[in-house]
Amino acid sequence: MRRDYNGGLIAFSRFFSFFATKTCSPELSINSQFRLLCITCDSLTTTHTFSQLLRQCIDERSISGIKNIQAQMLKSGFPVELSGSKLVDASLKCGEIGYARQLFDGMPERHIVTWNSIIAYYIKHRRSKEAVEMYRLMISNNVLPDEYTLSSVFKAFSDLSLEKEAQRSHGLAVILGLEVSNVFVGSALVDMYVKFGKTREAKLVLDRVEEKDVVLITALIVGYSQKGEDTEAVKAFQSMLVEKVQPNEYTYASVLISCGNLKDIGNGKLIHGLMVKSGFESALASQTSLLTMYLRCSLVDDSLLVFKCIKYPNQVTWTSLISGLVQNGREETALIEFRKMMRDSVKPNSFTLSSALRGCSNLAMFEEGRQVHGIVSKYGFDRDKYAGSGLIELYGKCGCSDMARLVFDTLSEVDVISLNTMIYSYAQNGFGREALELFERMINLGLQPNDVTVLSVLLACNNSGLVEEGCELFDSFRKDKIMLTNDHYACMVDMLGRAGRLEEAEMLITEVTNPDLVLWRTLLSACKVHRKVEMAERITRKILEIAPGDEGTLILLSNLYASTGKWKRVIEMKSKMKEMKLKKNPAMSWVEIDKETHTFMAGDLFSHPNSEQILENLEELIKKAKDLGYVEDKSCVFQDMEETAKERSLHQHSEKLAIAFAVWRNVGGSIRILKNLRVCVDCHSWIKIVSRIIKREIICRDSKRFHHFRDGSCSCGDYW
DNA sequence: ATAGGGTTAG
């Protein structure tokens, strides 16, 4: 008899399923089924039918359907501990955690699966706190966790940095034998230790797991890769192959990053081959890592080839390409790709934006940078610290510390790096007081300054002539045992040297264990500024011991001889340098007008298409400047020649040509000039006067810092 | 009935 009922029920169930799929309204269909069920076979329900109906509810995401079934189960005397589990499971699958919890809390007895389901739900939705609370509740209810519980709960521990509790649960896993016997538990443990940064622990766990699989080993490789233990990552990958475990797209994705970090193009290409052979060539994650690998190895063309094969690059893929191109000095290409990404309607994130901005600031592309700023705002990243730092750097490098500060003040979170970026912006633009104020703020906020902070602060003092403040700070940094590098010392040597305190500067160098070329050269250029020929010769000999025939050194000394009128020596040195086939970098200036960059080289009067107009304007500007007191400073000419020729050579400096051009084009706003060398004294005093004549700000970035010329004076206070 | 790993930044 009973068998017959069952057969009937199964038939009903089939009918219900069919009915459900044919009905448009999910709510109606499941409720109608209920009415049918209640009328026809009130007391004939079985597990099978309920399961089937619940599945329907899940498909239709119908929580009211679940509630109906609950009522029905209750009516039919269905065993509570079984009905509860099923209902909780179904509610979770409908995303109704609230109702699932309500059911769960009302259950007198809970099956382990119910606990596990709830915990897994919380983990899946990154609600780690609730997952751990549930786990604790489970323990205090004397329910012993099983492999399912443990393999989920470890993720919550790492997410919340609960190392102590994690260790206790690990112990439990060991006692239960699950660490060894269950690869899910093993993987979760490996992943957890990796996230705690404990790759050694992770490896120990892995070694104990009996049957190792891809996921387990990949979790470890990821750990090594993310912690920068790249050699270990590659080794783990190799041993995986030896043990005949097939890598998959995640494995390739992580091991390739390590190859890139190691610049191990040999293994990189080998793994690329394996990837193709095993059919993961078109998996996006591995493709992205492949792209990154080639970019880190500076094989830009290969990376572009890989990128071309990617059908649907996502946000990460694009970002990887853009940031890699910027890192390889291919800023223009990076920005073209960034535009393409926007055209393809792939949303940028803070990684993308900071890379694009870095591209702009490397080339001081003010207009392009402002457009990217527009995109930053459009996508709501104005308060983001990564995009923000990019903007601060951009405006700093374009000579707009005011704009940089505006960005800085809107950031939602101030940290060491954004403060460093802002301090550095002030420093390179010569706003020492503002920089020091921010440094003080960093200290008051209890943030620990790092080596970049120290450099920025010292540079700020250096660029604004705050020598006393600089020395004081340097002493305090020494006392605080902050790691001071050669760069920090070089900054101090420059500061003291330019202030004429050459002996102190030299003393400082003797303090350094491994003084490098830059350090000595800095001292040498201070000798040049103060025309200390003997000291310069002594220093030069020292430098040539470390770096025989160093070009920069010889040029510095030769220029010193020139500025002190020792022309015989100059000629000697020039011929020596000619013998050594050394030649000077040509002096260049750039000016951006209407998104177009114009290049000018010193002494080159004819290659620009508008050279006629440029010379006309230049002559007029020089004449007007002379009326206001400009006199050529011939000590800036490093070659022996007729006085008029010296004047002519000064008039042909690249920044003068660039400014004359900008004046002719008569664009609104400030004139921005970029230079590859430092601005000379003659040009500096000329530009000051010109800024008064044309009543416009002229911003000049030389190889070391910014000069803001306004109404006859410069922000550097003639100290640079 | 319930479970594990990935790629981009200052």
Side-chain angles (χ1 to χ4, degrees), chain A residues 47 51 54-55 58 82 85-90 92-93 111-121 123-124 145-155 178 182-192 194-195 209 213-223 225-226 247-257 260 280 283-293 295-296 313-324 326-327 348-358 361 384-394 411 415-422 424 452:
Chain A
T47 308
S51 300
L54 280 171
R55 215 167 300 142
I58 294 164
L82 212 66
S85 298
K86 285 188 173 297
L87 290 167
V88 167
D89 180 48
L92 289 175
K93 283 187 177 145
H111 195 273
I112 175 101
V113 172
T114 313
W115 289 98
N116 290 345
S117 303
I118 300 239
I119 291 174
Y121 178 91
I123 299 282
K124 198 169 153 194
D146 67 1
E147 61 268 40
Y148 288 87
T149 329
L150 291 171
S151 60
S152 355
V153 82
F154 289 134
K155 204 188 223 29
L178 294 170
N182 187 288
V183 72
F184 286 85
V185 174
S187 308
L189 276 167
V190 167
D191 179 56
M192 180 183 74
V194 156
K195 302 234 157 85
V209 177
D213 69 358
V214 214
V215 180
L216 177 73
I217 304 174
T218 303
L220 183 68
I221 294 176
V222 168
S225 179
Q226 287 177 346
N248 63 20
E249 56 171 311
Y250 297 111
T251 326
Y252 288 119
S254 48
V255 74
L256 282 169
I257 294 302
F280 289 103
L284 191 55
S286 351
Q287 285 177 312
T288 302
S289 294
L290 193 62
L291 178 80
T292 311
M293 189 271 291
L295 285 165
R296 299 240 168 109
N314 66 11
Q315 192 183 50
V316 179
T317 317
W318 278 109
T319 305
S320 179
L321 176 72
I322 292 164
S323 80
V326 172
Q327 280 157 14
N349 60 21
S350 56
F351 288 63
T352 330
L353 294 167
S354 70
S355 300
L357 287 167
R358 179 155 273 265
S361 43
D384 178 85
K385 59 181 176 176
Y386 292 102
S389 296
L391 286 170
I392 294 167
E393 194 186 322
L394 170 79
L411 292 184
D415 65 1
V416 174
I417 294 169
S418 48
L419 271 164
N420 283 351
T421 317
M422 191 60 229
Y424 191 80
V452 179

Look at the side chain of [X] and the base of [N], then say whether one donor and one acceptor between them are separated by less than 3.5 Å.
X	N	answer
A/Ser354	B/dG10	no
A/Ser152	B/dA3	no
A/Asp415	B/dG10	yes

Please tell me which of the listed nucleotides, [options], lies nearest to the side chain of [X]?
X	options	value
A/Ser85	B/dA9, B/dA1, B/dG4	B/dA1
A/Asn349	B/dA9, B/dG4, B/dT8	B/dT8
A/Asn116	B/dA1, B/dT8, B/dT2	B/dT2
A/Val113	B/dT2, B/dG10, B/dA3	B/dT2
A/Asp213	B/dT8, B/dA3, B/dG4	B/dG4
A/Ala120	B/dG4, B/dA3, B/dG10	B/dA3
A/Ile257	B/dA9, B/dT8, B/dG4	B/dT8
A/Tyr386	B/dA9, B/dT2, B/dG4	B/dA9

Just how far, in rounded Å, is [atom2] of [N] from [atom1] of [X]?
X	N	atom1	atom2	result
A/Leu256	B/dT8	CG	C1'	15 Å
A/Tyr121	B/dA3	OH	P	13 Å
A/Asp146	B/dA1	CG	P	15 Å
A/Asp89	B/dA3	CG	C1'	13 Å
A/Leu321	B/dT7	CG	C1'	13 Å
A/Asp191	B/dG4	CG	C1'	7 Å
A/Leu291	B/dT8	CG	C1'	10 Å
A/Ile118	B/dA1	CD1	C1'	14 Å

Mind checking [X] for me? I need base, sugar-phosphate or nothing, with any heavy atom below 4.0 Å counting as a touch.
X	value
A/Ile322	nothing
A/Ser323	sugar-phosphate
A/Val316	base
A/Val194	nothing
A/Lys86	nothing
A/Val183	base
A/Glu249	nothing

Is there aromatic stacking of A/Phe351 against B/dA9, centre distance under 5.5 Å, plane angle under 30°?
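Answer is yes, a stack.
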Check for me: is A/Phe184 stacked on B/dA3 by the 5.5 Å centroid and 30° plane-angle rule?
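Whether judged by distance or by angle, A/Phe184 passes, so it stacks on the base of B/dA3.
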Spell out, as yes or no, whether a donor-acceptor pair under 3.5 Å connects the side chain of A/Thr149 to the backbone of A/Asp146.
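Confirmed, A/Thr149 side chain pairs with A/Asp146 backbone.
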Hey, does the side chain of [X] come within less than 4.0 Å of [N]'s phosphate (OP1/OP2), counting only N and O?
X	N	answer
A/Gln327	B/dA9	yes
A/Lys93	B/dT2	yes
A/Gln226	B/dT7	yes
A/Arg296	B/dT8	yes

Who are the side-chain hydrogen bond (donor to acceptor under 3.5 Å, both in side chains) partners of A/Asp415, not counting sequence neighbours?
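Here the qualifying residues are A/Lys385, A/Ser418.
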Would you say the side chain of [Y] lies within less than 4.5 Å of the side chain of [X], judging by non-hydrogen atoms?
X	Y	result
A/Leu256	A/Thr292	no
A/Val215	A/Val183	no
A/Leu150	A/Asn182	no

Parallel, tilted or perpendicular: ring planes of A/Tyr252 versus A/Phe280, cut at 30 and 60 degrees:
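Plane angle between 30° and 60°, so tilted.
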Got a sec: does the OH of A/Tyr121 have more than 12 other heavy atoms crowding it under 6.0 Å?
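Enclosed: over 12 neighbouring heavy atoms sit under 6.0 Å from OH of A/Tyr121.
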